[in-house]
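First up is the structure itself, then whatever we jot down about it.
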Amino acid sequence: MDSPSRTDGAAGVADQTATAIRRLLVIHNPVAGGRKARRLRAVVQRLEERHGIQVRVQATGGRGDAESFARAVVPGAVDAVVAAGGDGTINEVINGLAAHAAAGLPVPLGIVPMGTANVLAAELGVPTDADGVARVLAAGRLTRIHPAVANGRVFSMMAGVGLDARVVECVDTRLKRRIGKGAYVVETLKQLALRPDHRYRVRIDGGPVEEVAAVIAAKGHFYGGRFVCTPDARLTDPLLQVCLFPRGGRWNALRYVWGVTAGRLHRFPDYRVVPARALRIEGPEGDAVQGDGDVAARLPVDIALAGWTLPVLVG
């Protein structure tokens, strides 16, 4: 690899290196059809015809396939594994690549963003158009990120409990395919109307227990797209940024949601962000823990840094 260089391009991305890209495995979720499938074909065509890269596309058939395919990769057989899909598919691929990274034989991750929010792609500065994605993958610019784990399940961007986790668990997937992010708005309103006022107990780095209405442990600063909860969070930092939402009830939940979407959360005197390396969250047993936009675990949950880094291709 070439010598490291500094970049201020994508949020949370620094100390880049470069590697030669000649062979790629693309793990593709075919549920994303239509326009998104055409975009993937365009990306593959540009990689092969313009950049001379050998590309093998492997389609998933169901939940867990992307993780299995990534875990089955032999380190050195390809220059990177590319996740083509939404945040859930990307998370599965990361969990598959985790075995190689933990063993000291990391396989780089690339992304073709094809989901609803594309949070990790936004954090890494990966574009969504075919030309831009192909350029990023072919350029071979790498940075190393510090993932975290929730009850052993790896996440790259965030994990949390509370309203957002219940929305992730209950969102109508068919409606999501039809109207995209609007499905989350619909489910948020439903949860605000029907949800009980759950409370959670969180202990950060072995400190005192705090009672809160919601918790988000963030690795990146984007949330739910390009909203920002944790301005100081960086994928390349070996730290979690823990967001604490102390006040319960529907009014406060609405207030926090508005604060996130309006970019004013940092002005709320009751909202706090605490840097940490590990935390434990307890609450109603079995409550969902969302990780990277999917249900990753159930309460009680232990969240900590993974202890290894993952090289990723960045814009």
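The model shown is predicted, which means the values in this text are computed figures rather than measured ones.
Applying the salt bridge (Lys or Arg N to Asp or Glu O under 4.0 Å) test to pairs two or more places apart or on separate chains, those with a residue in residues 301-315 are Arg280-Asp302. The salt bridge (Lys or Arg N to Asp or Glu O under 4.0 Å) analysis of residues 104-120, with sequence neighbours excluded, yields no pairs. Residue pairs that meet the salt bridge (Lys or Arg N to Asp or Glu O under 4.0 Å) test with at least one member in residues 146-165, sequence neighbours left out, are Glu67-Arg153. Sequence neighbours left out, the pairs with a member in residues 73-95 that pass salt bridge (Lys or Arg N to Asp or Glu O under 4.0 Å) are Arg23-Asp79. Sorted by first then second residue, the ring-ring contact (aromatic ring centres under 6.0 Å, His included) pairs that include residues 260-303, not counting sequence neighbours, are Phe245-Tyr271. Sorted by first and then second residue, the ring-ring contact (aromatic ring centres under 6.0 Å, His included) pairs with a member in residues 49-78 form an empty list; sequence neighbours excluded. Within the structure, side chain to side chain donor-acceptor pair (under 3.5 Å) contacts touching residues 98-109 (residues at least two apart or in different chains) do not occur.
Residue Leu189 is not grouped with residue Tyr256 when hydrophobic side chains (ILVMFWY) are merged at heavy-atom distances under 4.5 angstrom, including chains of intermediate members. Follow the hydrophobic side-chain contacts under 4.5 Å out from Val228 and you reach Val260 in the same cluster.
Crowding of Gln54 atom CD: a count of heavy atoms from other residues, nucleotides or ligands under 6.0 Å not exceeding 12.
Other residues sharing the hydrophobic cluster of Val289, ordered by chain and number and joined by side-chain separations under 4.5 Å: Phe155, Val161, Tyr200, Val202, Ile204, Val212, Val215, Leu240, Val242, Leu244, Val274, Leu279, Ile281, Leu299, Val301, Ile303, Leu305. Side-chain heavy-atom separations under 4.5 angstrom define the hydrophobic clusters, and Leu239 shares its cluster with no other residue.
Qualifying side-chain hydrogen bond (donor to acceptor under 3.5 Å, both in side chains) partners for Arg272, counting only residues two or more places apart in sequence or in other chains: Glu210. A search for side-chain contact (heavy atoms from CB on, under 4.5 Å) contacts involving Glu169 returns Ala288, Val295, Arg298, not counting sequence neighbours.
A heavy-atom distance below 4.5 Å is not found between the side chains of Ile111 and Val133. Looking only at side-chain heavy atoms (C-beta outward), Val43 and Leu137 come within less than 4.5 Å of each other. Looking only at side-chain heavy atoms (C-beta outward), Met158 and Lys219 stay at 4.5 Å or farther from each other.
No side-chain donor-acceptor contact under 3.5 Å links Ser156 and Asn91.
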Below 3.5 Å, can you tabulate the donor-acceptor pairs from side chains in residues 306-315 to any protein atom, sequence neighbours excluded?
| unit_1 | atom_1 | unit_2 | atom_2 | d |
| --- | --- | --- | --- | --- |
| Thr309 | OG1 | Arg144 | NH1 | 3.3 |

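Taken to the nearest 0.5 Å, the CZ atom of Arg56 stands 5.0 Å off from the CD atom of Gln58.
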